[in-house]
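Since the structure comes first, as structure tokens, the remarks are kept for the end.
Everything numeric in this text was worked out from a predicted model, so none of it was measured. Residue numbers begin at 1 in each chain, while the letters A, B, ... track the order of the sequences.
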Number of protein chains: 2
Amino acid sequence: MLDHTDMRILEELSNNSRLSMKELGAKVHLTGPAVSARVMKLEDEGVIEGYSIKLNQAKLGYFVHAFITIITKSTHHAPYLSFLKTQEGNIVRNYKISGDGCYLLECKFPSNEILNTFLEELNEHANYKLSIVIGK
Amino acid sequence: MLDHTDMRILEELSNNSRLSMKELGAKVHLTGPAVSARVMKLEDEGVIEGYSIKLNQAKLGYFVHAFITIITKSTHHAPYLSFLKTQEGNIVRNYKISGDGCYLLECKFPSNEILNTFLEELNEHANYKLSIVIGK
DNA sequence: CTCTTTCGCTTTATTTTTGAAAGGAGTTCA
DNA sequence: TGAACTCCTTTCAAAAATAAAGCGAAAGAG
């Protein structure tokens, strides 16, 4: 289904999704139209779900990056989930997990003070364990 | 430093980084050359770190997505880190964290069997807590 | 107040890329 | 042997990117 050339294409586009089809073609030894057809096929099949950018969060004012393991207080999660909707600017992703907790929340904050405020509000809906990202 | 138009540009490129400068310009009410100059500025400043794609991991054969909290056995982490290098295909990211553990490892596997093999090898270097992603 | 510089944009024109169409080579299958 | 299919290349018209020139508003100096 996916051959070696397709994997090379995905690799190159992961590194730089703004390559022109001509440049991408040169990297994988195909012409522009040939590689363009393959990319369209990968999109149609749903292998490529979209094209995005990598942002430097610190340059956007987000200096704190954290993972928070969530243990909701009640058995139904709605209060927690609707709380999240009020905090969209700080949420990167909310993973539903099996294991140590109900959710794993990835989030970002301008400062520890703002993180602290967030945690106080979060604590009305859920218990948590905080992990702050130091590197990599 | 970053005005409202820059934020709009980052937003649009996050949704689709392969927009032509002309299309992007139309969305933020600028001409192609004008928006192109702004994007180049955002790149030069390091706000935009790169352009990438979103891949459907299941379609690539990775059906299991997990976060593993790592507690290294010894005080020096080299054995664990060099073990990771041997497992690159399955590793998404390894975050150094402060909190519950030394690292938070995001990884993907074709099956629970392969995850199990991974965990047995991991356990030679570190203790761990496993969280398997169920959704979102 | 006026002159000058700077900045960010638009317009224009050239170069480059895209994408559609036609055609060729290799493979499969009857 | 040949029909159907796949995947590629070549060709070419249309679209986009890019470089250059110029415009107008804002800021600063005399």
Side-chain angles (χ1 to χ4, degrees), chain A residues 1-63 88-90 92 108 110-111, chain B residues 1-63 88-90 108-111:
Chain A
M1 190 171 182
L2 294 193
D3 65 12
H4 178 249
T5 301
D6 288 323
M7 296 306 289
R8 288 291 323 284
I9 289 172
L10 296 179
E11 203 177 296
E12 292 296 341
L13 287 180
S14 292
N15 291 333
N16 180 8
S17 67
R18 282 206 70 110
L19 282 172
S20 74
M21 288 301 118
K22 210 185 168 199
E23 290 170 307
L24 179 58
K27 283 179 186 288
V28 304
H29 310 301
L30 285 175
T31 58
V35 84
S36 176
R38 275 179 182 257
V39 169
M40 279 179 57
K41 189 162 139 277
L42 291 167
E43 291 171 4
D44 292 343
E45 292 169 350
V47 178
I48 295 176
E49 293 185 331
Y51 298 89
S52 191
I53 54 179
K54 277 180 280 184
L55 291 172
N56 184 321
Q57 293 296 342
K59 300 224 165 149
L60 294 174
Y62 292 102
F63 299 101
E88 284 196 348
N90 295 314
V92 179
K108 59 185 180 178
S111 67
Chain B
M1 191 170 180
L2 294 191
D3 65 13
H4 178 250
T5 301
D6 288 323
M7 296 305 287
R8 288 291 323 285
I9 288 172
L10 295 179
E11 204 176 298
E12 292 296 342
L13 287 179
S14 292
N15 290 334
N16 180 7
S17 67
R18 281 205 72 109
L19 281 173
S20 74
M21 289 299 120
K22 211 184 167 201
E23 290 170 307
L24 179 58
K27 284 180 187 286
V28 304
H29 310 300
L30 285 175
T31 58
V35 84
S36 176
R38 276 180 181 256
V39 170
M40 279 178 59
K41 188 161 142 278
L42 290 166
E43 291 171 4
D44 291 343
E45 291 169 351
V47 177
I48 295 175
E49 294 185 331
Y51 298 90
S52 192
I53 54 179
K54 276 181 279 185
L55 290 172
N56 184 321
Q57 293 296 340
K59 301 225 165 149
L60 294 175
Y62 293 102
F63 299 101
E88 284 197 346
N90 295 314
K108 59 185 181 179
F109 301 94
S111 66

Rounded to the Å, how far apart are B:Leu19 CG and D:dA17 C1'? 15 Å

What's the closest nucleotide to the A:Ser20 side chain, out of D:dA17, C:dT10, C:dT17? C:dT17

Nearest whole angstrom, please: distance from the P of D:dA17 to the CD of B:Glu23. 8 Å

Side chain of A:Pro33 only, heavy atoms from C-beta on: which candidate in C:dT18, D:dT10, D:dA17 is closest? D:dT10

Grab the CZ-P distance between A:Arg18 and D:dA17 for me, whole Å please. 7 Å

Which nucleotide sits closest to the side chain of B:Arg38: C:dT17, C:dC9, C:dT10? C:dC9

Please report the distance, rounded to the nearest Å, between CG in A:Asp6 and P in D:dT6. 16 Å

Verify salt bridge (Lys or Arg N to Asp or Glu O under 4.0 Å) between B:Arg8 and B:Glu12, making sure each step is shown before the conclusion. CA-CA 6 Å; B:Arg8 288 291 323 285; B:Glu12 292 296 342; 3.0 Å; yes

Could you give the CE-to-P distance, from B:Met21 to D:dA16, as a whole number of Å? 12 Å

Closer than 4.0 Å, any side-chain N/O of B:Thr31 to the OP1 or OP2 of C:dT10? yes

Closest listed nucleotide, where the reference is the side chain of A:Ser36 and the choices are C:dT10, C:dG19, D:dT9: C:dG19

Between CD1 of A:Ile48 and NZ of B:Lys54, what distance do you get to the nearest 0.5 Å? 12.0 Å

Do the side chains of B:Glu45 and B:Lys41 get close enough for a salt bridge, i.e. N-O under 4.0 angstrom? yes

As a test of reading the structure: which of D:dT9, C:dT10, C:dT17 is closest to the side chain of A:Lys22, going by heavy atoms? C:dT17

Got a second to check how far B:Asp6's CG is from A:Leu60's CG, nearest 0.5 Å? 10.5 Å

Separation of atom CG in A:Leu24 from atom P in C:dG19, rounded to whole Å: 13 Å

Measuring from the side chain of A:Leu30 (C-beta onward, heavy atoms only), which nucleotide among C:dT10, D:dT9, D:dA17 has the closest atom? D:dT9

